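Single-structure report; data block below.
These numbers come from a predicted model, not from an experiment.
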Amino acid sequence: MAGMPPIATPSTLSATERRTAAPAWLVMLLVCAGQFLVVLDVSVVNVALPAMRSGLGLTELGLQWIVNAYVITFAGFMLLGGRAADIFGRKRIFVVGLALFTVASLAGGLAQQPWQLIAARTIQGVGAAVLSPATLTILTTSFPAGPARTRAIATWTAVGAGGGAVGGLVGGVLTQYLSWRWVLLINVPVGALVLTGAALWLAESRHGTGRRLDVPGALLVTGGLGLVAYGIVQTETHGWGSAAALLPLAAGLLVVAAFVAVEARTKAPLMPLGLFRLRSASSANAAMVLSGAAMFSMWYFLSLYTQNVLSYSPLQAGLSFLPHSLSIVLGSKAAPRLMNRVGAKTLAVCGAVISLCGMFWQSTLTVDGTYLGTILGPGILMALGAGLTATPIAAIATSGAGPSEQGLVSGLINTSRQMGGALGLSVLSTVAASQIAAGHGRAALASGYGTAFLVGGMVLAGSIVLMLLALPRRRADVGHG
């Protein structure tokens with residue numbers, strides 16, 4: 001699920017802009033519709049994956065790039081998108097991002113070859129990264145500080161959570177009754193409608209015209225992450241010692257090192273490295289990478305298991321995920337109240353332990369599994385734990401930062417979650433594919449997906465150890481090593 005981009009400092013609209021500004025409800029509708037599309041597209045394709053595979057002849061490992069191409073570019077360009085909205089204008093960037101997202105959705109829906117679909121998903125991710133931060137900054141500049149803005153942000157957050165929650169069901173309905181292509185094509189009429197409304201009624205605002213965009217940083221971090229993920233995937237076919245795997249892995253690490261070098265020298269870095277001197281920021285981001293790597297792939301493998309092994313229809317698969325979606329929303333809603341009682345660190349660890357129990361339980365997948373006995377219980381645990389974990393980790397990450405750094409650190413923690421998820425999907429898909437290749441038929445598929453959950457649980461266990469050892473417990477501890 002996509003996270004909250006950094007909140008920009010509010011800017012004051014001119015008198016002319018105030019006179020021509022749209023009613024508050026219309027601004028809310030347009031902005032939330034844009035955010036809903038971004039979040040929906042993280043999850044809506046999961047149920048359609050088996051149909052995409054058969055329709056375009058994708059391999060088991062190639063299938064993951066339908067998800068990863070979107071997630072990697074979304075994570076790599078999200079901080080840049082937030083900066084661009086401040087500098088060039090929130091309305092302008094909102095329109096540009098939504099237009100790019102809509103055109104890429106059309107291209108993906110019409111794709112005839114695997115590479116065309118993956119390229120379209122890549123461009124979709126860039127559009128989403130540009131669009132998503134602009135949606136929140138438009139809200140913060142359109143509503144006055146106080147209850148009105150608080151209600152607006154709460155609505156924006158709820159719409160985002162709803163987009164992630166209903167993605168499986170929407171994908172199931174569209175895939176079963178129309179085609180897998182409609183999980184992408186549905187964005188076109190909705191995007192065109194929101195684009196028209198935004199162009200006509202949204203008011204322009206900007207802040208920080210003197211700041212620069214760190215385009216090299218965004219390109220380097222995205223390219224490095226993509227190369228590392230590609231190298232990991234190549235190990236299943238060629239082995240860890242092969243040039244086909246080692247070369248992209250080495251190139252990816254070199255590109256990431258170049259990214260660090262650029263960030264250390266540029267005047268307006270995408271990711272100020274000095275923030276990582278704060279114990280709260282460094283430990284929370286590391287924990288988020290690991291937990292994201294373990295939890296992000298849950299929907300991916302469950303979708304493949306329900307359809308490829310249990311022979312669910314796309315609609316049945318989408319419906320089967322509703323309790324999971326409810327659980328993650330309930331966990332997210334309960335987290336702030338529980339944090340006040342037990343503390344952020346304790347809640348983060350407890351939530352991760354709940355997810356860990358679910359992942360180990362889910363790793364017992366078999367070819368003759370049932371919904372009540374195999375999917376429902378572990379799925380609820382995994383999703384509930386994920387909802388309980390994310391909020392306290394984000395709270396710890398921002399607790400040591402100054403007021404001017406809060407938005408940036410919020411963006412970093414969400415970028416860490418998406419990047420961890422992308423790398424985790426590459427690793428776990430490779431593990432699953434290796435296990436599947438060793439057997440035959442549906443039994444091999446069940447074994448492969450189960451092994452992916454087992455390895456994901458081990459990664460999550462590592463995240464729990466890191467949380468216990470490194471996360472600061474009290475605000476007084478923040479910043480001290």
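A perpendicular orientation is assigned to the rings of His324 and Phe321, their planes being inclined by more than 60° (bins at 30° and 60°). In this pair, Tyr70 and Phe101 present their aromatic rings perpendicular. The plane angle is above 60°, beyond the 30 to 60° band.
Judged by distance alone, the side chains of Gln307 and Ser303 do bring a donor and an acceptor atom under 3.5 Å apart. Side chains of Asn187 and Thr102: a donor-acceptor N/O pair is absent below 3.5 angstrom, by distance only. No hydrogens or angles considered: nothing links the side chains of Thr306 and Gln316 as a donor-acceptor pair under 3.5 Å.
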Quiz prompt | Check against side chain to side chain contact (heavy atoms under 4.5 Å, CB included), Leu460 and Leu290 | solution = CA-CA 6 Å; Leu460 187 55; Leu290 288 177; over 6 Å; no
Exercise. Applying side chain to side chain contact (heavy atoms under 4.5 Å, CB included), run through Ile72 and Met419 and close with a yes or a no.
Key: CA-CA 6 Å; Ile72 288 174; Met419 288 184 172; over 6 Å; no
Self-check item: side chain to side chain contact (heavy atoms under 4.5 Å, CB included) between Gln35 and Cys32, worked out
Solution: CA-CA 5 Å; Gln35 178 67 4; Cys32 287; 5.5 Å; no
Exercise. Could you go through the side chain to side chain contact (heavy atoms under 4.5 Å, CB included) check for Leu117 and Trp180 one step at a time?
Key: CA-CA 12 Å; Leu117 180 56; Trp180 66 261; 4.2 Å; yes
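Note that the CG atom of Leu178 and the CG atom of Leu185 stand 9.5 Å from one another [nearest 0.5 Å]. Rounding to the nearest 0.5 Å gives a distance of 7.5 Å between CG of Leu302 and OG of Ser320. Expressed to the nearest 0.5 Å, how far CE of Met359 lies from CD1 of Ile354 amounts to 14.5 Å. Here Leu388 contributes atom CG and Ile393 contributes atom CD1; the two are 11.0 Å apart, rounded to the nearest 0.5 Å. Note: Leu428 CG to Gln64 CD = 9.5 Å, rounded to the nearest 0.5 Å. Atoms CG and CG, from Leu98 and Leu131 in turn, are 5.5 Å apart once rounded to the nearest 0.5 Å.
Within the 4.5 Å cutoff, the side chain of Thr374 has no heavy atoms near those of the Leu310 side chain. Contact of the Leu56 side chain with the Gln113 side chain is not registered, since no non-hydrogen atoms from C-beta on lie closer than 4.5 Å. By the 4.5 Å heavy-atom criterion applied to side chains, Phe453 and Met382 are counted as neighbours. Here the side chains of Leu425 and Tyr300 are in contact, with some heavy-atom distance below 4.5 Å. Side-chain atoms of Arg417 and Val289, non-hydrogen and from C-beta on, never get closer than 4.5 Å to each other. Using a 4.5 Å cut-off on side-chain heavy atoms (C-beta onward), Ser283 and Leu466 make no contact. Looking at Ile375 and Tyr305, their side chains come closer than 4.5 Å, going by heavy atoms from C-beta outward. With contacts defined as side-chain heavy-atom distances shorter than 4.5 Å, the pair Val194/Phe94 qualifies.
Residue pairs meeting the salt bridge (Lys or Arg N to Asp or Glu O under 4.0 Å) criterion with at least one member in residues 421-444, sequence neighbours excluded, do not occur. For residues 237-261, the set of pairs meeting the salt bridge (Lys or Arg N to Asp or Glu O under 4.0 Å) definition, not counting sequence neighbours, is empty.
The backbone N or O of Ala119 lies less than 3.5 Å from no partner atom in the side chain of Gln124, so there is not a single donor-acceptor pair. Between the side chain of Thr430 and the main chain of Ser426, a donor-acceptor pair closer than 3.5 Å is present. No side-chain donor-acceptor contact under 3.5 Å links Arg121 to the backbone of Ala69. Listed for the Arg90 side chain is no donor-acceptor partner under 3.5 Å among the backbone atoms of Ala134. Side-chain atoms of Gln362 do not come within 3.5 Å of backbone N or O of Gly358 as any donor-acceptor pair.
The environment of Tyr312 atom OH is dense: over 12 non-hydrogen atoms of other residues, nucleotides or ligands sit within 6.0 angstrom.
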